[in-house]
Amino acid sequence: MAAVTKSIQAAASFYAAQLLQCAKQAPTSSTTLRMIHAHMIASGFTPRSHVLNRLMDLYCKSTNIAYARQLFDEIPQPDVVARTTFITAYSSSGDLKLAKEIFDTTPLDIRDTVCYNAMITGCAHNSDGNAAIEHFCEMKRYDFCADNFTYTSVLFGLSLVAEYESDCQQFHCEIVKSGTGFVTSVVNALISVHVKCASSPFVTPSLLMAAARRLFDEMPLKDELSWTTIISGYVRNDDLNSASQVFDGMNEKLLVAWNALISGYMHKGLASKALELSRKMHSLEIRFDEFTYTSILGACASAKLFLHGKQVHGYIIRTVKHPARDFLFSVNNALIALYWKCGKVDDARTIFDRMPIRDLVSWNTILSAYVDVGRIDEARSFFNEIPEKNELTWSVMISGFAQNGLGEEGLKLFNQMRSYNHQPCDYSFAGAIISCAVLASLDHGRQLHAQLIQSGFESSLSASNSLITMYARCGVLQDSQSVFLTMKSVDSVSWNSMIAALGQHGHGGQAVDVFDQMLKEDIVPDRITFLTILSSCSHAGLVDQGQHYFNLMHELYNITPGEDHYGRLIDLLCRAGKFTEAVDMIQKMPFNPGVPVWEALLGGCRIHGNIELGIKAAEKLFELIPHHDGTYILLSNMYANLGKWNDVSRIRNMMRVRGVKKEPACSWIEVDNMVNVFLVDDTKHPEVQMVYKYLEELVFKMKKLGYVPDTKYVLHDMENEQKEYALSTHSEKLAVAFGLLRLPCGAMIRVFKNLRICGDCHNAFKFMSQVVGREIVIRDGKRFHHFRNGKCSCGNYW
DNA sequence: GTAGGGTTAG
């Protein structure tokens with residue numbers, strides 16, 4: 001008997017040793033495990049607890065959890081070690097529910113600290129910070145002793161949910177009391193909690209970072225993690241000076257620390273700093289890894305440093321044998337982004353096509369690239385090819401449609417997403433809301449606003465910013481102001497949207513006030529801010545202010561004005577009739593003037609009847625964009641105003657020869673959640689006859705108040721009576737008359753037109769607003785006009 | 001049988 005026991009013991013220790021060997025070389029292949037296992041069975045050895053536990057653990061780690069579970073289920077009363085193995089295995093494979101089931105069925109009298117630790121880690125790793133804390137509290141309640149592992153794990157969980165300083169302080173006290181306050185791993189975790197909590201909106205980041213720094217400075221023994229946690233903490237919280245200060249104090253600088261700092265500079269848009277560090281690394285012969293490359297390429301992409309980025313790409317090709325294979329996704333994805341941001345979308349696509357396997361980031365980046373450069377048809381068909389879509393995929397495509405003026409497509413896709421039971425994220429909502437802005441569909445926009453709140457995205461920045469734009473572009477400026485004023489936190493996009501909203505409605509003075517307010521609150525204006533403020537000044541005729549801001553842009557904020565900024569400045573000058581200054585500015589520009597500049601000049605010339613300069617601008621535009629209808633129309637309008645009908649027909653003829661078609665004018669109005677569209681001389685709308693009749697009555701009353709139809713706006717040569725009739729069939733007049741007939745008494749009339757409002761209609765609506773005693777709001781291609789009591793908000797400056 | 005830091009798309 002003694003001999004048998006001895007031989008079983010020998011076998012057990014033999015297998016235990018073999019399995020231990022496997023564990024050291026983990027993960028063990030399932031084949032090896034099965035061979036050892038088969039050997040046990042064949043030799044008649046029935047493994048008991050610790051050998052079996054080790055076997056199950058190895059099966060789990062070789063991703064064979066299901067088979068391990070079969071073995072587990074055959075054990076009559078599995079011990080706590082076996083249970084802990086499964087708690088860990090299930091939670092690291094993402095199945096927290098199964099882990100919890102094993103934990104909950106573990107009798108209290110066999111539980112120990114380790115199994116609680118495993119459960120706490122499992123919750124934290126599956127981003128359930130609160131459950132981690134609950135299990136921690138439970139173990140304290142049952143008097144289990146918390147150890148270093150417990151604290152590091154529960155602190156990790158806490159770092160997911162900590163929002164207030166008190167969360168950090170409470171655990172700090174707990175740790176000091178427990179006596180683990182000097183244990184490196186525990187203090188590291190505590191620093192990490194402070195760092196992550198510092199990004200919460202409810203705390204003062206600098207205070208928490210100062211507390212983290214004290215912990216770091218006062219810890220007796222720092223390890224690699226202590227350094228990288230504090231450095232990356234500063235990076236996360238936008239304090240790169242402190243990050244680099246601590247970094248400089250490191251004796252042996254770790255690759256992770258280099259990477260954290262480089263990525264910090266990259267995210268802050270400080271590409272030159274990021275590249276400077278990478279050059280230093282290179283001279284110290286520190287090998288770059290995947291993370292380094294990704295951040296450097298990101299820096300080149302955001303700064304559009306194409307040549308530098310291309311050099312890095314070349315270096316990767318030379319030094320890494322199989323970039324596509326060795327750096328599975330991230331580096332290749334960063335390369336895609338580099339080529340895209342530098343305007344080489346087709347090269348980006350080539351990289352994508354050459355990747356042997358791609359992840360969602362690869363697909364989404366290419367999709368964003370197509371959307372970004374307005375290649376919307378390619379984006380659409382690429383979108384359809386994407387095998388698995390996430391919320392980003394949908395939101396990029398939805399807002400892509402909206403940004404490219406395809407509001408209807410945007411809304412359709414948003415609805416399709418929901419019909420597939422995909423819960424829209426805040427960015428998708430933003431895309432759908434901007435679609436409503438494009439379509440000027442206020443009813444629909446309001447519905448989405450309500451759904452947004454129901455879905456819990458009320459505090460989302462991107463969604464709220466889209467609401468500012470939507471309400472403004474639907475004509476209800478007050479609502480966009482109240483969204484802006486009630487936002488908990490705002491960013492530069494919010495300010496830009498608000499300034500643009502005021503500008504479009506002709507409130508240049510208020511736009512300037514908001515801009516000044518923005519500066520007072522230390523928000524740094526960007527390129528877009530200056531575009532919107534220049535437009536706002538232009539719409540309101542604030543020439544001096546506009547010029548002041550244009551100068552401020554590069555003098556104070558170091559933003560080099562682009563062609564678009566020059567375009568707005570020229571627009572500002574020309575509208576005010578300052579052609580000498582405008583031409584002077586065009587000659588002084590640091591680059592060849594392009595489309596925005598010539599269009600601004602032509603537009604100004606049309607307002608002031610400056611035919612000579614207008615012809616020059618138009619000729620340039622004919623060269624640059626020969627198929628754009630607007631140039632021909634503006635020029636022919638100018639000739640028509642001067643009665644030069646020969647020139648008018650010459651231009652019309654040019655259009656015919658070149659195959660340029662005029663975009664037909666159309667206006668629309670929303671009544672009872674339905675959009676009603678009217679074309680010039682409309683015959684299609686079912687109620688149009690009634691509209692014509694009503695319009696006739698109105699014009700009769702308007703004439704009594706002094707309205708004289710201004711036939712110079714009829715751009716065809718015909719008899720005067722015919723001209724007057726032609727004016728009365730303009731789409732915007734039909735839409736307004738329809739609104740007056742169908743909308744409730746006193747309701748504001750909001751009409752939208754694809755092109756600019758006609759001069760006679762502009763005059764007519766002033767009289768009309770007086771006759772009917774209601775406010776009429778028109779959004780044309782450029783801006784808003786509010787007609788009230790015989791006056792327009794634009795002060796005739798448009 | 002249990003732990004903690006760095007990457008890419010809006």
Side-chain angles (χ1 to χ4, degrees), chain A residues 23 50 53-54 56-57 60-61 79-89 91-92 112-122 124-125 147-157 159 183-193 195 223-233 235-236 254-264 266-267 289-298 301 327-338 340-341 359-369 371-372 390-400 425-428 430-431 462:
Chain A
H50 74 282
N53 286 346
R54 196 168 278 172
M56 289 190 298
D57 185 40
C60 286
K61 284 179 179 141
D79 63 13
V80 69
V81 177
R83 290 166 175 279
T84 307
T85 301
F86 282 91
I87 292 169
T88 309
S91 49
S92 52
D112 61 5
T113 298
V114 178
C115 94
Y116 267 102
N117 291 350
M119 196 56 223
I120 292 169
T121 306
H125 275 187
D147 63 8
N148 303 347
F149 285 77
T150 319
Y151 285 111
T152 43
S153 310
V154 74
L155 285 171
F156 183 74
S159 75
V183 177
T184 302
S185 64
V186 175
V187 183
N188 287 349
L190 193 56
I191 294 175
S192 181
V193 170
V195 156
D223 66 1
E224 297 184 347
L225 276 176
S226 324
W227 289 93
T228 38
T229 307
I230 191 78
I231 291 172
S232 65
V235 168
R236 273 173 81 104
L254 295 162
L255 183 56
V256 212
W258 286 97
N259 289 348
L261 206 51
I262 292 179
S263 102
M266 187 267 287
H267 278 293
D289 72 354
E290 213 173 328
F291 293 94
T292 329
Y293 281 124
T294 314
S295 298
I296 299 174
L297 289 169
F327 306 138
L328 283 179
F329 306 121
S330 55
V331 174
N332 286 297
N333 290 344
L335 281 169
I336 294 178
L338 169 77
W340 153 33
K341 297 271 168 75
D359 67 356
L360 240 147
V361 179
S362 331
W363 289 92
N364 287 346
T365 310
I366 293 283
L367 181 69
S368 310
V371 162
D372 183 46
N390 66 359
E391 50 181 43
L392 184 82
T393 324
W394 289 95
S395 70
V396 167
M397 195 66 234
I398 293 167
S399 38
C425 65
D426 55 340
Y427 285 99
S428 302
S462 56

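Every chain is numbered from 1, with letters handed out A, B, ... down the list of sequences.
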Asks: State whether Arg83(A) and Asp79(A) are salt-bridged, where the test is any N-O pair (Lys NZ or Arg NE/NH1/NH2 against Asp/Glu carboxylate O) under 4.0 Å.
Replies: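 Salt bridge absent between Arg83(A) and Asp79(A).
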Asks: Answer with base, sugar-phosphate or nothing: what part of the nucleic acid does Val80(A) contact at a heavy-atom distance below 4.0 Å?
Replies: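 The answer is base, as Val80(A) lies within the cut-off (heavy atoms under 4.0 Å) of a base atom.
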Asks: Using a heavy-atom cut-off of 4.0 Å across all strands, would you classify Phe156(A) as base, sugar-phosphate, or nothing?
Replies: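 It contacts sugar-phosphate atoms only.
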Asks: For a quick test of reading the model: is some side-chain N or O of His125(A) closer than 4.0 Å to OP1 or OP2 of dA3(B)?
Replies: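 Answer is no, no contact under 4.0 Å.
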Asks: For Asn148(A), answer base if it contacts any base atom (sugar-phosphate contacts may also be present), sugar-phosphate if it contacts only those atoms, and nothing otherwise; contact means non-hydrogen atoms under 4.0 Å.
Replies: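 Nothing, no nucleic acid heavy atom in range.
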Asks: Verify the contact: side-chain N or O of His267(A) to OP1 or OP2 of dT8(B), cut-off strictly under 4.0 Å; return yes or no.
Replies: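 His267(A) to dT8(B) OP1/OP2: side-chain N or O found under 4.0 Å.
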Asks: Please confirm whether the shortest side-chain N or O distance from Ser263(A) to OP1 or OP2 of dT7(B) is below 4.0 Å.
Replies: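 So the side chain of Ser263(A) is within the cut-off, an N or O lying under 4.0 Å from OP1 or OP2 of dT7(B).
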Asks: Does Lys341(A) put a side-chain nitrogen or oxygen below 4.0 Å from OP1 or OP2 of dG10(B)?
Replies: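 For dG10(B), OP1/OP2 do have a side-chain N/O of Lys341(A) under 4.0 Å.
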Asks: Students often get this wrong, so: under 4.0 angstrom with heavy atoms, is Trp394(A) touching a base, only sugar-phosphate, or nothing?
Replies: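 Nothing: the residue Trp394(A), judged by heavy atoms under 4.0 Å, touches no strand.
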Asks: Just how far is it from atom CD1 of Ile120(A) to atom OH of Tyr151(A), taken to the nearest 0.5 Å?
Replies: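 Those atoms lie 10.0 Å apart.
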Asks: Does Cys60(A) reach a base, just sugar-phosphate, or nothing at all? Heavy atoms under 4.0 Å.
Replies: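 Counting heavy atoms under 4.0 Å across all strands, no contact is made by Cys60(A).
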Asks: Mind checking Met266(A) for me? I need base, sugar-phosphate or nothing, with any heavy atom below 4.0 Å counting as a touch.
Replies: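 Met266(A): backbone/sugar contact only, no base atoms under 4.0 Å.
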Asks: Does the side-chain ring of Phe149(A) lie flat on the base of dT2(B), meaning centres under 5.5 Å and planes less than 30 degrees apart?
Replies: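 Base of dT2(B): stacked against Phe149(A).
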Asks: Which part of the nucleic acid does Asp426(A) contact within heavy-atom distance under 4.0 Å: base, sugar-phosphate only, or nothing?
Replies: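 Counting heavy atoms under 4.0 Å across all strands, no contact is made by Asp426(A).
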Asks: Using a 4.0 Å heavy-atom cut-off, does Thr121(A) contact any base of the nucleic acid, only the sugar-phosphate backbone, or nothing at all?
Replies: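 Counting heavy atoms under 4.0 Å across all strands, the contact made by Thr121(A) is with sugar-phosphate only.
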Asks: Taking the side chain from Thr152(A) and the backbone from Asn148(A), do they hold a donor-acceptor pair closer than 3.5 Å?
Replies: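 Yes, the answer is positive, given that a donor and an acceptor are paired below the 3.5 Å cut-off.
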Asks: Looking for any heavy atom pair under 4.0 Å, which part of the strands does Thr84(A) touch: base, sugar-phosphate only, or nothing?
Replies: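 Base, at least one base atom sits under 4.0 Å.
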Asks: Is Asn188(A) touching bases, backbone alone, or none of the nucleic acid, heavy atoms closer than 4.0 Å?
Replies: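 Asn188(A): base contact, heavy atoms under 4.0 Å.
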